[in-house]
There are 2 protein chains.
Amino acid sequence: MKVDKDKIQTCGYTVIHQDVVNGVSKRMLEEETIMSLAEFFKVFGDPTRLKILYALSISEMCVCDLAALLGMSQSAISHQLKVLRQSRLIKYRRDGKVVYYSLDDDHIRQVFAQGLAHVNE
Amino acid sequence: MKVDKDKIQTCGYTVIHQDVVNGVSKRMLEEETIMSLAEFFKVFGDPTRLKILYALSISEMCVCDLAALLGMSQSAISHQLKVLRQSRLIKYRRDGKVVYYSLDDDHIRQVFAQGLAHVNE
DNA sequence: CTATCATATGAATATGTGTTCATGTGTTAT
DNA sequence: ATAACACATGAACACATATTCATATGATAG
């Protein structure tokens, strides 16, 4: 265990380009912004949620039909709809016993398109 | 345990709007496409990777400086860089002992901007 | 050749997350 | 009221994943 002299260090590692680090550090996004952004993208990072979002981008749908469409349990769909609701990506309306979900924002179609553009090279 | 008559069922749940389900089902994306898309967005769903990507959108950087900038271990950064490399979001060049990383695609800045637009309402 | 530095990586661990199961809530019909 | 239906939700479980720790690799300097 040796004590290094006067090198600038962080986490035990030498900073090679102090100027670059300082420059980027000044322009870095706030922690809160990064966190919100990560939460936002995380929602799109699950196949089931993507399918739901894509389906809703075509048509308003009820929970039961979504479950049938995706071949999954009503419970699984409901849990994911909750996540999408909390992220304010979808909205819903109730008609008797049936709850209809739909996209909350056209913005989402753009995010989808952007992702597809990247995936399709 | 009762056996229902002739209702159209999937996973034990009645389909309420068969026409809607059929219509959306026809236009549904392929499983492979959905998976690729989910993988793509998943990469953006982590704060550390977002910080790295944002930093690299400002300037090319080496591993060591990234670790210092984010106040994290070199190992943690290296592991995440591997993920970003495998997703083809970043590229690198070697100069002696130092490896410099940079964004592989300007497309990424757009995805970032899109996400920020949504987060900032 | 040896030591040192910058980076990469495998294993282990802790934490997060998606689905299932069981059950609860709210609405409609009888 | 009671039953049936559509949906929501808490707990449990299985699986994924981000970080740490220890160590390996590749490059340079002495």
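Quick note on labels: first sequence line is chain A, next is B, and so on, each numbered from 1.
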Review point. Checking all strands, does A:Tyr100 fall into the base, sugar-phosphate, or nothing category for heavy-atom contacts under 4.0 angstrom?
Key: nothing

Practice item. Ignoring backbone atoms, establish whether B:Tyr101 has a side-chain N or O less than 4.0 Å from OP1 or OP2 of C:dA6. Key: no

Check your understanding: In whole Å, what is the span from the NZ atom of B:Lys82 to the P atom of D:dT20?
Key -> 18 Å

Exercise for review: Whole angstrom is fine here: how far is it from CZ in B:Arg93 over to C1' in C:dT7?
Suggested key: 15 Å

Practice item. Please check if any side-chain donor atom of A:Gln18 sits under 3.5 Å from a side-chain acceptor atom of A:Asn22, or the reverse. Key: yes

Revision key, fill the gap. Between B:Arg109 and B:Ser57, the two heavy atoms sitting closest are NH2-O, 3.1 Å

Review point. By the rule that ILVMFWY residues connect when side-chain heavy atoms come within less than 4.5 angstrom, directly or transitively, which residues belong alongside A:Ile16?
Key: B:Val98, B:Tyr100

Practice item. Using only heavy-atom distances, decide whether a donor-acceptor pair under 3.5 angstrom links the side-chain of A:Gln74 to the base of D:dA6. Key: no

Between N or O atoms, less than 3.5 Å apart, protein on one side and nucleotides 16-21 of chain C on the other: list the pairs.
from, atom 1, to, atom 2, distance (Å)
C:dT17, OP1, A:Lys42, NZ, 3.2
C:dG18, OP1, A:Arg49, NH1, 3.3
C:dG18, OP1, A:Arg49, NH2, 2.8
C:dG18, OP2, A:Arg49, NH1, 3.2
C:dT19, OP1, A:Thr48, OG1, 2.8
C:dT19, OP2, A:Gln80, NE2, 2.6
C:dT20, OP2, A:Ser73, OG, 3.0
C:dT20, O4, A:His79, NE2, 3.1
C:dC21, N4, A:Ser75, OG, 2.7

Practice item. Could you check if a side-chain atom of B:Val24 sits within less than 4.5 angstrom of a side-chain atom of A:Met61, using non-hydrogen atoms only? Key: yes

Study note, to complete from the structure: Rounded to whole Å, the CG-C1' distance (A:Leu66 to D:dC7) equals 12 Å

What does the list of N/O pairs under 3.5 Å between the protein and nucleotides 25-30 of chain D look like, with a distance for each?
none

Point to revise | Bend angle of the helix from C:dC1-D:dG30 to C:dT30-D:dA1, end axes from five pairs each (to 10°) | key: 10°

Check your understanding: Does any pair with a residue in residues 18-43 of chain A pass salt bridge (charged side-chain N to carboxylate O under 4.0 Å, His left out), and if so which ones, sequence neighbours excluded?
Key -> A:Glu31-B:Lys51, A:Glu39-A:Lys42

Check your understanding: If every non-hydrogen atom of A:Val63 is compared with every non-hydrogen atom of A:Gln74, which pair is closest and at what distance?
Key -> CG1-CG, 4.0 Å

Check your understanding: Angle class for the B:Phe112/B:Tyr54 ring planes (parallel below 30°, perpendicular above 60°, tilted otherwise)?
Key -> tilted

Review point. Does B:Phe41 have any ring-ring contact (aromatic ring centres under 6.0 Å, His included) partners at least two apart in sequence or in another chain, and if so, which?
Key: A:Phe44

Practice item. Would you name the heavy atoms of A:Gln114 and B:Val111 that are closest together and state the gap between them? Key: CG-CG2, 3.6 Å

Review point. Within less than 4.0 Å of OP1 or OP2 of D:dA8, is there a side-chain N or O belonging to A:Tyr92?
Key: no

**Study point:** Option among A:Asp104, A:Ile108, A:Val43 that satisfies the side chain to side chain contact (heavy atoms under 4.5 Å, CB included) test with A:Ser87
**Key:** A:Val43

**Study point:** Integer-rounded Å distance: D:dC7 P and A:Arg85 CZ
**Key:** 12 Å

Practice item. Please state how far atom CG in B:Leu84 lies from atom C1' in D:dT17, giving the value in whole angstrom units. Key: 14 Å

Review point. Within this structure, what is the CD1-to-C1' distance between B:Ile52 and D:dA18, rounded to whole angstrom?
Key: 12 Å

Exercise for review: State whether the side chain of A:Asp65 and the backbone N or O of B:His17 hold a donor-acceptor pair below 3.5 Å, judged by distance alone.
Suggested key: yes

